[in-house]
Protein chains: 2
Amino acid sequence: MAPAVRAEAGSLTARGERTRSRLLAAGEEVFGQRGYHEASIADITQGAGVAQGTFYLYFDSKRDLMRAVVDERGHQLRATLAHATAAVVGRIGKEQAGFAAYFAWTARHRDLCRIVRQSEYVDADLYRDWYRQLADAYAAALRTAIDGGEIAEVDDVETLAYALMGIGDFVGMRWLIFDDRRTVPPRAVSTINKLVDRALSAESLPVRRGR
Amino acid sequence: MAPAVRAEAGSLTARGERTRSRLLAAGEEVFGQRGYHEASIADITQGAGVAQGTFYLYFDSKRDLMRAVVDERGHQLRATLAHATAAVVGRIGKEQAGFAAYFAWTARHRDLCRIVRQSEYVDADLYRDWYRQLADAYAAALRTAIDGGEIAEVDDVETLAYALMGIGDFVGMRWLIFDDRRTVPPRAVSTINKLVDRALSAESLPVRRGR
DNA sequence: TGCTAACATGAATCCTGAATCAGTTTCCCG
DNA sequence: CGGGAAACTGATTCAGGATTCATGTTAGCA
């Protein structure tokens, strides 16, 4: 295995830093466009405007670039979500803000969502960790909200976190990926906002009246 | 493009039929295990116990096999879900039965879920159609339930269908794929059952319009 | 039994593309 | 300046694997 001499961002000059981030961006684009396996190093280096050999100064392998892309963007996404919800008061409001931020991010990084799905077979841990890290942060926030009486108690917060992530992921996929829209239509947003509101609300429902 | 002479199941003798379905099963296994791109025709034919050349008597290409696998299993899944929910009365009960059936099916066809995710870059339509066909059937059922007053009205049934599918997909992924369990733990099941119950229930909550 | 179409074989072909490396250029510090 | 380290180059190497094909085998029907 190669020593990954210039792999860490810290030890790079400004010039090297620029080249590295160019490769990262080209990787995101090409992986997203053609798919991991169809993407050739030649495509990527061409996209970055460097020679093929240069690639291996910054990454050990194609797989290594994949990891770097997903890692990098994963941090960005989590930071974005944390920031978007931090400003809002009340869990239900935070949920809505979170979904909105997630959709906005997905629209901007359409490719990433598809790349993550691909990563399952490129590096299983990468795929798993993408969701786990999101879920862990989400579950912690939900736990706090439950303890504060803001939302209803559940049997398992982690499952709740995955369920809510699933809603966002699938609804985003439907409109932003399948329909290639730039935003999720308002009707869809209001549908899930109401859904989530009802699902999480702390008030216990009256027993359902006969139909 | 090859003429796919013996591609359709109809024109096959019993012997040919058996070989075809062996290849299909081997494909599901090998695609699931190694991933589409890592899976070689040699792996697949070996798994099916036939020679490499035989493969091309039944499928035009590796991609063609992928399509056949996803198609075949897709029909099975939809039939399974339809059957599981048909017996149950009441939409909320149907939901719970549907989730249970989906989890059971996922546990039995772990590989398929991962294969579908891969198919996004092998054949985009295949991927899309997998979810679309599930969603269409789901949305139709939900529409009926809404019109019957069984569940709350929503702004967009299709979005509701995707949201519910997302819940099933992610929760199934968490326990059956990530944790490699044979069943989703009861606490997780009860969590989403309650969640879905609250989310769909026809009673509208006291309006909590924040302003 | 013999004949034919369906079925099966697996070695050979041929292409693709990841990774390498011997050498060149750029940059900066003394 | 001048020298060395950091960047960069791109033709070449090399292995893997999808697909083909010339040939052999089976099974059912007349």
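Residue numbering restarts at 1 for every chain, and letters A, B, ... go by the order of the sequence lines. Just so it is clear, the structure is predicted and the values come from calculations on it, not from any experiment.
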d(CZ, A:R20; C1', D:dC8) in whole Å:
17 Å
With heavy atoms under 4.0 Å as the rule, sort A:A48 into base, sugar-phosphate or nothing.
nothing
Counting side-chain heavy atoms from CB outward, which of C:dC7, D:dT19, C:dA18 is closest to B:L12?
C:dC7
Which nucleotide in the list C:dA8, C:dT9, C:dA18 gets nearest to the side chain of B:A51?
C:dT9
Considering just the side-chain nitrogens and oxygens of A:R15, establish if one lies under 4.0 Å of OP1 or OP2 belonging to D:dC8.
yes
Answer yes when A:D123 and A:R63 have at least one side-chain N-carboxylate O distance shorter than 4.0 Å, and no when they do not.
no
Nearest-Å distance for atom pair CD/P, residues A:E17 and D:dA6
15 Å
Describe the nucleic acid contact of A:T54 in one word from base, sugar-phosphate, nothing, applying a heavy-atom distance below 4.0 Å.
base
Ignoring backbone atoms, test whether B:T19 places a side-chain nitrogen or oxygen under 4.0 Å from the OP1 or OP2 oxygen of C:dA8.
yes
Atom CZ of A:F59 and atom C1' of C:dA19 are separated, to the nearest Å, by 16 Å
Under 4.0 Å between a Lys/Arg side-chain N and an Asp/Glu carboxylate O for B:D156 and A:R187?
yes
To the nearest angstrom, the OH-P distance between A:Y56 and D:dA6 comes to 23 Å
CD1 of B:I44 versus P of D:dA18: gap in Å, rounded?
7 Å
Assign each of B:Q52 and B:G16 to its nearest nucleotide of DNA chain C by heavy atoms, then name whichever residue's nucleotide is nearer the 5' end.
B:G16
Can you tell me the distance, in whole Å, between the OH atom of A:Y36 and the P atom of C:dT16?
19 Å
Would you mind telling me which of C:dC7, D:dT9, C:dT9 lies closest to the side-chain atoms of B:T13?
C:dC7
Side chains of B:S190 and B:N193, donor plus acceptor under 3.5 Å
no
What's the closest nucleotide to the B:S61 side chain, out of D:dC8, C:dC7, D:dT19?
D:dT19
Are B:R132 and B:D136 close enough for a salt bridge, meaning some N to O gap below 4.0 Å?
no
Expressed as a whole number of angstroms, how long is the span from A:R63:CZ to C:dA19:C1'?
15 Å
Given D:dT9, D:dT19, C:dA18, identify the nucleotide with an atom nearest to the side chain of A:L57.
D:dT9
Taking D:dG17, C:dT9, C:dA19 as options, the one with an atom nearest any side-chain atom of B:S40 is D:dG17
DNA chain D: B:A42 or B:G53, which has the more 5' nearest nucleotide?
B:A42
Does this structure show an ion pair linking B:E29 with B:R34, if we count only N-O contacts that are shorter than 4.0 Å?
no
Value in whole Å for how far the P atom of C:dA8 lies from CD1 of B:I41:
16 Å
Does the side chain of B:H109 pick up a donor-acceptor pair with the side chain of B:E28 at under 3.5 Å?
yes
Contact under 4.0 Å: B:Y58 side-chain N or O vs C:dA8 OP1/OP2:
yes
